[in-house]
Every structure is written in structure tokens, then in C-alpha cells.
Amino acid sequence: NSAGERFFGRSHEDIVGNTYKTIGGGKADPEWIEVLCRVALTGEAVSVERYAPVGGHWVHLSAYSPRPRQFAAVFDNITERKQAEEALRKSEEKYRLIVETANEGISIVDPEFRVLFANDKLAHMLGYSRDGILGKNFLDFLDNEGKAAGKANMKKRQSGIAESLEYRFIRNDGSPFWVHSSTRPILDDNGRLVCVLSMMTDITERKRAEEKLRESEARYRMLFESMGEGFAIAEMVHDPGGKPVDYIFRMVNPAYEKLTGLRPENVMERRNTEIFEGGPGQAWLDLYDTVISTGVPQRFEKYNETLRRWYSAYLFPLPTKNQFGMIFTDITERKQAEEALRKSEERLRSVLDNVQDVIVRMNLQTGSYEFVSPSVEALTGYSPNDFLVMDKQTALEMIHPDDLPVLQGARTHAEETGKASAEYRQLTKNGDYIWVSNRMSVVNDNSGRPLYRTSSIRDITERKLAEDALQESKKQLA
């Protein structure tokens, strides 16, 4: 027929009456001749698929014997189907190679969770052989939470919903590990679920890192909320020219309210100039901006006019662009105490500058003078600085040799009892001796070790001369 003409590539006249070998031009396949001859001789029908060199086609051959020593054959050209099958085979080989060498675990399970396929990677992840996984219930490899989630999620797969989820699996040795699973349902033509394809990646290390991060964040959150110091995170605001003009509070801790009286919700996401009248001032804005631009922290003390309080602050840059952190404490009481001390020292200095008695403070650990009042110059001719740089031996040489035991005895008594007094002759700068009275007191540390000695020294020369004159007069009267 015409199909036969197309198959052999010859006309009806060229085919009918000629042998198979002649029609094939010498390309006739001996196996084809053997098959057809067997049909003719045995009468046994055959149905085979073979490649036909004649015409260069793949053929489905159906042959039978209508009468002895004859055969009738129906040839069906299946070349395209064979080519498609070959292409499919190569494609399957390619994708099987991908599946077997993938770094992800791959599984196919049916709606009852029975494992239909598992690649080597998944078997390795679970600690089983592939045969130890196939046919098993996939839920058996999950922890209890995962089992419950798997059952619930299978209902979504039956509805054709694909998802990416995280599960905790249990290895063959009992150790847990985390997996990120991308699942996709496979449905038949009627929309019924046939199986579920899953691609799984081991995310155990990521989960561990996330847990450590959560623990770290929890520790720092606890520190942030319980620390006694105020803490704030702020972001600089610049004008179009890049000049710092303000800053916005992004975060403050609970201690911020305690130290400033300002509630966090009234501070966060607001500009400094909206909270504090007049703002921080350009000099401070420049300082904050310098910390951000240079990355060098700064410490400073600042008085807040609005709150009327002193603060000590530590300013440091943050990784986020234009942001800085500030830790601060209220030092108002300290500043008030320092101011009170300064005024007290000024009053004391005024008294010491005008009192005639000489006030001296000596460090008993170093043997050096720490303070000598200005009146010493009127008494001895030496300036206070002369005594401050004077060593201990030089100071002793200024005491009359006959009176030195008296002074040293008084000093020893003061260290033992806390107080003592002595009268002795003191050498002046012009070479004369004057009589002085020295009332002294000693301060010890907790262990009883003498720390320093304070002396109040007064000129008693006139009194001594009067006493000597009185004694002389008594002698004469006697």
C-alpha cells in the first residue's frame, strides 16, 4: 500500500515481485529475514519492535501466516516514539544524576506518609541506608512536634498547597537535627494527591546560631532593663550641607526615666529639641557627630538646663549609620558636694591666709609637707613652697639642738595618743631662733598606721622673754 511505499521509499512497481534484499538495496537485516521466515514456516504470529535498516526506521512489526510458507506483515513506523523514549531516558538519567548528587535530602512520600523514594543525601542525614528508609512511615523520623505538624500539613498538600517549613528530625543514633523542607504536592488529572516531593536542607548549625543569638539578646535585654545607668540610642540629624542640627532618640532603657523623670514613650522617636528647650547646643552636636565620624568614644560631664541636673556620660558610635549610644549617670549630688567642698575650701583658705598661726600638714608615709599656710613666711622668713620642697632632715636641722628631743618626744606621743604639744626654738631665715608652740594631732588608718600629722604653730617668743625676765626679777628680789 501507499504507507509501504513511504516506508521502503520505493514505488509499488519497484516493490511488488522483488525480494526483500533487492528492495533493501543490500541493507536487509538478516534478523528481520529470520523472523519473517519463521512466521511463514511455523505459522506462529509475532509482534516485535525493531530497527529496520531499510528506510532507517524503528518499526513495530505484526506478522502472521495466511497460508503455508507465506507471511503477511503490518509495519508501523514508531521512529518518533522511539526518539521520544530515548530522549526521556537520557533526561531521566540526567535528573537521576542530579537527584543522587544533590546536596539536599530528597524524598517522595505517598498520602499515607510511606516513603516511595529517598536519595543518598537524605539517607546520610538520617543515618540509615536507603533501604532502611524506603517503605517506612516518614513521620517515624520526626520528633513529636514534627509528627503533629506533618499530619496537619498533609491536608494542605491534598489541597495542592506547596510550603517551606522547618522540622526537627531524629537520626538513627537518637540525635536531633533541624531541616528546612520545601514540599510540593503531585496531583493526578483529577486533582487527587498522588505523592509529595520534599527537598530538605540541614539547618542545624543555623538553628544553633539563632539559639545562641536569642540567649545573647535575652542577656543583653536583661542587662539593658536592669542596669542602673541610663542608656539611650540616638540618630544624628544633619542639614542638607551635612551639618549636625539635632538627634532623634531611637531607644531608651527603664533607668532613663528614673534618672531624667521622662517616660520612655515620651522620648523615643522624638528629636532632642522637641524635648529639651534650646536643644543640646552646637558644640555638643559637633562632639556627638565627631564620635560617629571618627569612631572614637568620648566621656564628658554636662549640666542639663531643662532638668537642672548634672550627668556624666560615655558616648560611643554604633554600627548603624549616624547612630550613637550613650550611657549616663546622675552626678548632681556629687557636683553639689564638690561645689560645697570648693566653697568650704575657699572659706578655709581665706581663714588660713589671714590667721597668724602657721598651719602645717605632713604626710607621715613620705615624710614630706603637703600643706603650709602663708603665715609661715612672716614667722620664719621661708615661703610655703620652701617647706613643701624641703626634705625631712633639713626640717629637723632648723630645730635648736637642745630642743630637738622635746619635739621628737611630742611627735611620738601624738602618734600614740592622737594629740600632743611642744615648745621649742625654731631657726629663722635670718639666722635667729624664735620660740614657738606646736599643737599637733595625728590621723591613723584603720590598722592604726599614722597617715598624716597636722600642726598649729604659734610664735611665743615674747611670752618666753617675759617669763625669763620674771624669773630674773624673782632671783634679784630673793
Side-chain angles (χ1 to χ4, degrees), residues 205-206 208-343 345-346:
E205 291 302 318
R206 193 200 80 192
R208 288 173 180 167
E210 289 174 352
E211 180 62 24
K212 289 181 180 179
L213 179 60
R214 281 193 295 271
E215 292 175 355
S216 176
E217 288 177 344
R219 286 194 297 270
Y220 282 108
R221 171 62 62 179
M222 182 176 64
L223 174 63
F224 178 78
E225 294 180 350
S226 62
M227 64 190 295
E229 296 86 355
F231 179 79
I233 293 176
E235 184 172 333
M236 290 298 301
V237 177
H238 300 86
D239 65 13
K243 178 182 177 181
V245 294
D246 208 341
Y247 59 84
I248 300 171
F249 288 96
R250 296 302 188 193
M251 181 183 293
V252 296
N253 70 339
Y256 186 94
E257 179 180 357
K258 179 181 178 182
L259 294 174
T260 66
L262 301 172
R263 296 180 65 83
E265 57 267 28
N266 296 331
V267 173
M268 288 191 291
E269 302 306 324
R270 296 183 63 191
R271 293 191 176 205
N272 179 279
T273 50
E274 295 177 312
I275 303 168
F276 302 107
E277 184 178 354
Q282 193 59 49
W284 291 105
L285 288 172
D286 290 340
L287 172 64
Y288 302 160
D289 202 46
T290 299
V291 168
I292 293 173
S293 61
T294 64
V296 179
Q298 294 282 349
R299 292 185 183 274
F300 61 88
E301 296 180 354
K302 186 176 185 293
Y303 183 72
N304 188 294
E305 294 286 351
T306 303
L307 301 177
R308 297 184 181 279
R309 303 196 71 79
W310 276 94
Y311 296 100
S312 173
Y314 176 70
L315 201 71
F316 55 94
L318 294 173
T320 305
K321 184 179 180 181
N322 289 331
Q323 287 194 357
F324 62 90
M326 181 187 300
I327 300 175
F328 64 95
T329 56
D330 186 338
I331 58 170
T332 304
E333 291 185 0
R334 193 200 82 193
K335 282 291 187 178
Q336 291 172 342
E338 289 176 351
E339 179 62 16
L341 178 61
R342 184 187 64 78
K343 290 180 179 179
E345 288 179 343
E346 286 182 354

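If you read the sequence from its start, that first residue is 1, and numbering goes on from there.
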Glu235/Phe324 under side chain to side chain contact (heavy atoms under 4.5 Å, CB included): CA gap, chis, key distance, verdict: CA-CA 6 Å; Glu235 184 172 333; Phe324 62 90; over 6 Å; no
Stepwise side chain to side chain contact (heavy atoms under 4.5 Å, CB included) check, Glu269 with Arg250: CA-CA 5 Å; Glu269 302 306 324; Arg250 296 302 188 193; 2.4 Å; yes
Lys212 and Glu215: CA distance, side-chain angles, deciding distance, salt bridge (Lys or Arg N to Asp or Glu O under 4.0 Å) verdict: CA-CA 5 Å; Lys212 289 181 180 179; Glu215 292 175 355; over 6 Å; no
Worked check of side chain to side chain contact (heavy atoms under 4.5 Å, CB included) between His238 and Asp289: CA-CA 9 Å; His238 300 86; Asp289 202 46; 2.8 Å; yes
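Of the candidates Glu301, Arg309, Gln336, Glu301 is the only one forming a side chain to side chain contact (heavy atoms under 4.5 Å, CB included) with Ile331. Exactly one of Trp284, Tyr311, Tyr314 qualifies for a ring pair (Phe, Tyr, Trp, His ring centres under 6.0 Å) with Phe300. That residue is Trp284.
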If you look only at distance, which donor and acceptor atoms sit under 3.5 Å apart when one is on a side chain in residues 255-262 and the other is two or more places apart or in another chain?
| unit_1 | atom_1 | unit_2 | atom_2 | d |
| --- | --- | --- | --- | --- |
| Thr260 | OG1 | Tyr256 | O | 2.7 |
| Thr260 | OG1 | Leu262 | N | 3.1 |

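The CD1 atom of Ile233 lies 5.0 Å from the CE atom of Met251; values are rounded to the nearest 0.5 Å. Atom OH of Tyr303 is separated from atom CZ of Arg308 by 5.5 Å, given to the nearest 0.5 angstrom. Between the CZ atom in Arg270 and the CG atom in Asp246 there is a gap of 11.0 Å [rounded to 0.5 Å]. Residue Thr273 holds its OG1 atom at 9.5 Å from OH of Tyr247, rounded to the nearest 0.5 Å. With rounding to the nearest 0.5 Å, the separation of CD1 in Ile248 from CD in Glu274 is 8.0 Å.
Contact check for Arg334 versus Glu338: side-chain heavy atoms found under the 4.5 Å cut-off. Between Pro244 and Asp286 the shortest side-chain heavy-atom distance falls below 4.5 Å. Contact annotation: the side chain of Gln298 never approaches that of Thr290 to less than 4.5 Å [non-hydrogen atoms, C-beta and beyond].
Of all the heavy atoms in Asn304 and Thr306, the pair that sits closest is OD1-N, 3.0 Å. Between Pro264 and Val252, the shortest heavy-atom distance links the atoms CB-CG2, 3.5 Å. Nearest approach of Trp310 to Lys335, heavy atoms of both residues: CG-CG, 3.4 Å. Between Pro280 and Leu285, the shortest heavy-atom distance links the atoms CG-CD2, 3.6 Å.
For Glu210, the side chain to side chain donor-acceptor pair (under 3.5 Å) partners at least two apart in sequence or on another chain are Arg206.
Other residues, nucleotides and ligands contribute only 12 or fewer heavy atoms inside 6.0 Å of the CD atom of Glu333. Within 6.0 Å of CD in Glu277 there are 12 or fewer heavy atoms belonging to other residues, nucleotides or ligands. Residue-environment remark: CZ (Arg214) exceeds the threshold of 12 foreign heavy atoms within 6.0 Å. Around atom CZ of Arg263, no more than 12 heavy atoms belonging to other residues, nucleotides or ligands sit under 6.0 Å away.
Of the possible polar contacts, one joining the Asn253 side chain to the Phe231 backbone as a donor-acceptor pair under 3.5 Å is found. No donor-acceptor pair under 3.5 Å is formed between the side chain of Asn322 and the backbone N or O of Ile292.
A salt bridge links Glu339 with Arg342: the closest approach of a Lys/Arg side-chain nitrogen to an acidic carboxylate oxygen falls below 4.0 angstrom. Lys343 and Glu346 are not joined by a salt bridge, as no carboxylate oxygen comes within less than 4.0 angstrom of a charged side-chain nitrogen.
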